[in-house]
Amino acid sequence: MEFKIQLDSLAQRPELFGPADKHLRVLRAAMDVQISARNGNIIITGEKKNVESTAEIIDRMQKRLIRRGSLDASDVNELMTQAKNSIEPTKSEAIVVYSHKGIIEPLTKGQLKYAETMFANDLTFCIGPAGTGKTYLAVAVAVSMLKKKQIRKLVLARPAVEAGERLGFLPGDLQAKVNPYLRPLFDSLEDMMDFSQMRKFIEMDIIEVIPLAFMRGRTLNEVIIICDEAQNTSPSQMLMVLTRLGRGSKMIITGDITQVDLEKGQTSGMIDACRRLKGINGIGFVELEEIDIVRHKLVHNIVQAYDKRKK
């Protein structure tokens, strides 16, 4: 198979190809293809699957170069890794979530499994390290269902547990006190919809962002409930949250069990629930891994370094 790519910017061709065409040589060796440049085009030849993957990598290289103004060997290696673990476009079309910033969709096989599990089950547990999109993808799916009127409300909850610090007295009213704990959830929401729309939905109680304790005693029907940072719940808190699930509702429990901020000796409610509930129909379990990290490339390296130290 032969495939031709038109270069977006001829002026940036040296940076795209690398010193002495180093980036192209790396691609040739890693992807088992032939690459040549002619008249402002890159021509790739080889087996169909390899050619398509190489074309996708070069497209990502061009976009990164235009956005950042530079491209080095580590960028090329990172983009090759992403391409090897990315999902087939045809498989992701059914779960695409649209936002004012463009399309939000699963980027890795692990994330695709996570999204499919959320749609297939009324209760989903997702465990994974920082940067794997646990909360972000859950919020995206929930907002999509909200916009399609498949649910009537979105509830986002988090335990108010300090990450190794003692913040002491916080001034202001109740909202001001709990906002620091809930800020990550607001950040995800702001990526999914306009600020004015988000504010309107919050004022109309269509979106509710609350500390975990505020869920006690409630039954939530036709709602998507996302419990974030669930590794910091106690077993009794987790039981309380799980029993809020009402008619026509879905619940997504997310957390990183390597970052438990509970007092020493306390059991994590999320770990306890995953052990107890295995094998029950209608409950899905997903474990994302380092390969699913989609934040800055350094996040992947940082997680790896800490994992090696623990081992």
Side-chain angles (χ1 to χ4, degrees), residues 85 104 106-115 117-118 121 123-142 155-165 167 178 180-189 191 209-212 215 224-242 251-278 283-311:
N85 294 288
I104 298 167
L107 298 175
T108 69
K109 292 174 184 176
Q111 287 190 346
L112 175 60
K113 181 187 175 186
Y114 178 30
T117 302
M118 284 189 282
N121 296 278
L123 175 58
T124 299
F125 286 85
C126 181
I127 293 170
T132 50
K134 302 183 299 294
T135 306
Y136 194 80
L137 199 55
V139 173
V141 168
V155 175
L156 301 164
R158 246 186 167 214
V161 175
E162 298 154 355
E165 300 175 76
L167 303 182
V178 300
Y181 297 105
L182 305 176
R183 186 68 250 173
L185 297 172
F186 283 113
D187 289 343
S188 294
L189 276 174
D191 262 10
V209 186
I210 56 171
L212 200 66
M215 293 181 68
I224 278 197
I225 306 148
I226 298 174
C227 178
D228 190 34
E229 296 291 333
Q231 78 275 6
N232 289 328
T233 61
S234 66
S236 61
Q237 283 178 316
M238 179 55 67
L239 176 61
M240 180 272 290
V241 171
L242 295 175
M251 184 177 289
I252 303 152
I253 310 291
T254 69
D256 179 358
I257 59 174
T258 67
Q259 295 189 31
V260 178
D261 299 313
L262 298 170
E263 294 288 339
K264 193 172 182 180
Q266 275 193 289
T267 303
S268 165
M270 184 174 199
I271 296 173
D272 180 66
C274 288
R275 288 172 183 158
R276 291 175 185 267
L277 304 179
K278 279 282 186 185
I283 302 179
F285 297 87
V286 178
E287 187 162 352
L288 298 177
E289 300 175 355
E290 291 172 19
I291 203 112
D292 298 303
I293 292 174
V294 292
R295 283 185 190 163
H296 192 287
K297 61 184 177 182
L298 282 178
V299 175
H300 183 272
N301 296 337
I302 290 165
V303 170
Q304 269 194 332
Y306 273 82
D307 279 350
K308 283 178 184 175
R309 179 68 177 170
K310 283 179 184 175
K311 287 173 185 174

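Excluded from the calculations below are hydrogen atoms, water molecules and symmetry mates; all remaining heavy atoms, backbone and side chain alike, are included.
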Colleague: For the side chain of N232 and the backbone of D261, is there at least one donor-acceptor N/O pair under 3.5 Å apart?
Modeller: yes
Colleague: Rounded to the nearest 0.5 Å, what separation is found between the CZ atom of R275 and the CE atom of M270?
Modeller: 12.5 Å
Colleague: Identify the heavy atoms of Q111 and L288 that sit nearest to each other, and give their distance.
Modeller: N-CD2, 3.9 Å
Colleague: List the atom of M118, the atom of I252, and the distance in Å for their closest heavy-atom pair.
Modeller: SD-CD1, 3.5 Å
Colleague: Does any non-hydrogen side-chain atom of E289 lie less than 4.5 Å from one of T132?
Modeller: no
Colleague: What pair of heavy atoms forms the shortest contact from G110 to V286, and how long is it?
Modeller: O-CG1, 4.4 Å
Colleague: Going by the rule side chain to side chain contact (heavy atoms under 4.5 Å, CB included), which residues pair with I283 if we only count those two or more places apart in sequence or in a different chain?
Modeller: L123, F125, L277, I280, F285
Colleague: Are more than 12 heavy atoms from other residues, nucleotides or ligands located less than 6.0 Å from atom CD of Q266?
Modeller: yes
Colleague: Between V241, I226, V155, which is the residue that forms a side-chain contact (heavy atoms from CB on, under 4.5 Å) with M251?
Modeller: V241
Colleague: Over all heavy atoms of both residues, which pair between K134 and P129 is shortest? Give the atoms and the distance, please.
Modeller: NZ-O, 3.1 Å
Colleague: Does any non-hydrogen side-chain atom of I127 lie less than 4.5 Å from one of D256?
Modeller: no
Colleague: Under 3.5 Å, is there a donor on one side chain and an acceptor on the other for D272 and T267?
Modeller: no
Colleague: Any non-hydrogen side-chain atom of C227 less than 4.5 Å from a side-chain atom of L212?
Modeller: yes
Colleague: Determine whether D292 and Y114 make a side-chain contact, defined as any pair of heavy atoms from C-beta on separated by less than 4.5 Å.
Modeller: no
Colleague: What's the spacing between S268 OG and Q259 CD if we round to 0.5 Å?
Modeller: 12.0 Å
Colleague: Starting at CG of D228, measure out to CZ of R158 and round the result to the nearest 0.5 Å.
Modeller: 4.5 Å
Colleague: Show the nearest heavy-atom pair for residues I257 and I271, with the distance to one decimal.
Modeller: CG2-CG1, 3.6 Å
Colleague: Taking C-beta and beyond as the side chain, do T108 and I293 meet within less than 4.5 Å on heavy atoms?
Modeller: no
Colleague: Looking at every non-hydrogen atom in both residues, tell me the closest pair between I253 and A230 and how far apart they are.
Modeller: CG2-CB, 3.3 Å
